[in-house]
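For this chain, numbers begin at 1 and follow the sequence in order.
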Amino acid sequence: MDFSRPAEDALDKLRSDIRKGAKGLKLHPVIQNRRLLDPLVMEAVEVFGKAGLPVISHVGKSNYYLHEQEARYPISIEFGALEDFVELARTFPEYDLVAAHCCRNYPSQLAEMTKGLDHVYADTTFAGAEQIRETINTLGEDKLLFGTDYPFSDMHYASLQIELALGKESDAARKIFRDNAVRLLRL
């Protein structure tokens, strides 16, 4: 989402993107320097949610820039708080929301905090085999998507971790690699 545009123009651009075939919206509250609970962000989520399209958001408090870059690229790492994602999911319980990086960082917390919310997913970005198994045990294999965060992670390593956790040909691995995304993206 382009926050440099006036609000209505930014939302019109998202609607245009959907008409042109967009399959989802990616939010990065830390880099975009906007809380997920910001009214404009919530309006954007609603645009995609009403269209039946998923929204994926970075979750995690992390810094992205070198110290000398911070003045040029202001960020607020607290905007990546898991609690904000959970509040967004509670505000829009019928919309498909993906918590990026939660398999690695917060699998149990995400599952516990979103219990009863059927439209919350996580991805396997940066996760090891043990974290993948934990996420499946807490969130379920139908709520986990293959993720790499390319170019920051290696696709081979990401695939290997799923294979180590579940076996190369298991039904659960097939869901994570393919079936869950096909269902979520309505492909």
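For the pair Ile136/Ile176, a side-chain contact is recorded, criterion being any heavy-atom separation below 4.5 Å from C-beta on. Between Leu184 and Val98, the closest side-chain pair of non-hydrogen atoms falls below 4.5 Å.
Taking all atoms of both residues into account, the shortest heavy-atom contact from Ala122 to Cys102 is CB-CB, 4.2 Å. When every heavy atom of Leu110 is checked against every heavy atom of Ala99, the shortest pair comes out as CD2-CB, 4.0 Å. In terms of heavy atoms, Ala44 sits closest to Met1 at CB-SD, 3.4 Å. In this structure, Met113 and Val86 approach most closely via the heavy-atom pair O-CG1, 3.5 Å. When all heavy atoms are compared, the tightest approach of Ile77 to Lys61 is O-CG, 3.3 Å. Thr125 and Arg104 get closest at one heavy-atom pair: O-CB, 3.6 Å.
Between the side chain of Glu141 and the main chain of Lys175, no donor-acceptor pair closer than 3.5 Å is present. No donor-acceptor distance shorter than 3.5 angstrom exists from the side chain of Asp142 to the backbone of Asn180, with no hydrogens or angles considered. Counting only distance, with no hydrogens or angles, the side chain of Thr124 and the backbone of Ala127 share no donor-acceptor pair below 3.5 Å. No donor-acceptor distance shorter than 3.5 angstrom exists from the side chain of Ser57 to the backbone of His28, with no hydrogens or angles considered. No donor-acceptor pair closer than 3.5 Å links the side chain of Thr135 to the backbone N or O of Pro107. Formation of a donor-acceptor pair under 3.5 Å by the Ser16 side chain with backbone atoms of Asp12 is not found in this model.
When the side chains of ILVMFWY residues are joined at heavy-atom separations under 4.5 Å, either directly or via intervening members, Leu139 and Ile56 end up in two distinct hydrophobic clusters. Cluster membership for Leu97 and Tyr121, using ILVMFWY side-chain heavy atoms within less than 4.5 angstrom, is not shared. A continuous path of Ile, Leu, Val, Met, Phe, Trp and Tyr side chains, each step under 4.5 Å between heavy atoms, connects Leu36 with Leu11, placing both in one hydrophobic cluster. One hydrophobic cluster holds both Ile18 and Leu27 under the rule that ILVMFWY side chains link at heavy-atom gaps under 4.5 Å. In the hydrophobic cluster analysis, where Ile, Leu, Val, Met, Phe, Trp and Tyr join through side-chain heavy atoms closer than 4.5 angstrom, Val45 is grouped together with Leu82.
Each ring-ring contact (aromatic ring centres under 6.0 Å, His included) pair with one or both residues in residues 158-177, not counting sequence neighbours, appears once here: Phe146-Phe177.
Note that CD of Gln32 is 9.0 Å distant from CG of Asp2, once rounded to the nearest 0.5 Å. Atoms CZ and CD, on Phe48 and Glu43 in that order, are 14.0 Å from each other to the nearest 0.5 Å. One finds the CD atom of Glu94 at 9.5 Å from the NZ atom of Lys50 (value rounded to the nearest 0.5 Å). From Met42, atom CE reaches atom CZ of Phe92 across 4.5 Å, with rounding to the nearest 0.5 Å. Note that the CG atom of Asp9 and the CG atom of Leu14 stand 10.0 Å from one another [nearest 0.5 Å]. For the atom pair CZ (Arg183) and CG (Leu145), the distance works out to 8.0 Å, reported to the nearest 0.5 Å.
When hydrophobic side chains of Ile, Leu, Val, Met, Phe, Trp and Tyr are connected at separations under 4.5 Å, Phe126 ends up clustered with Phe152.
Taking 4.0 Å as the cut-off between side-chain N and carboxylate O, Arg35 and Asp38 do not count as a salt-bridged pair. With salt bridges taken as basic N to acidic carboxylate O contacts below 4.0 Å, none links Glu83 and Arg90.
Counting non-hydrogen atoms of other residues, nucleotides and ligands closer than 6.0 Å to CD of Gln109 gives a total above 12. Enclosure of atom NZ in Lys168 is not indicated, since only 12 or fewer non-hydrogen atoms of other residues, nucleotides or ligands lie within 6.0 angstrom.
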Quiz item: After noting the C-alpha distance and the side-chain angles of Val41 and Phe3, does the key distance pass the side chain to side chain contact (heavy atoms under 4.5 Å, CB included) rule?
Solution: CA-CA 9 Å; Val41 174; Phe3 289 105; 3.5 Å; yes

- Message: With side chain to side chain contact (heavy atoms under 4.5 Å, CB included) as the criterion, how do Ile132 and Leu144 come out once you've worked through the C-alpha distance, each side chain's angles and the decisive distance to 0.1 Å?
- Response: CA-CA 9 Å; Ile132 291 167; Leu144 190 55; 4.1 Å; yes

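For His119, there are no ring-ring contact (aromatic ring centres under 6.0 Å, His included) partners two or more places apart in sequence or in a different chain. Remark: Lys13 engages Asp17 in a salt bridge (charged side-chain N to carboxylate O under 4.0 Å, His left out) (not counting sequence neighbours). Gln161 pairs by the side chain to side chain donor-acceptor pair (under 3.5 Å) definition with nothing, not counting sequence neighbours. For Arg186, the salt bridge (charged side-chain N to carboxylate O under 4.0 Å, His left out) partners are Asp96, not counting sequence neighbours.
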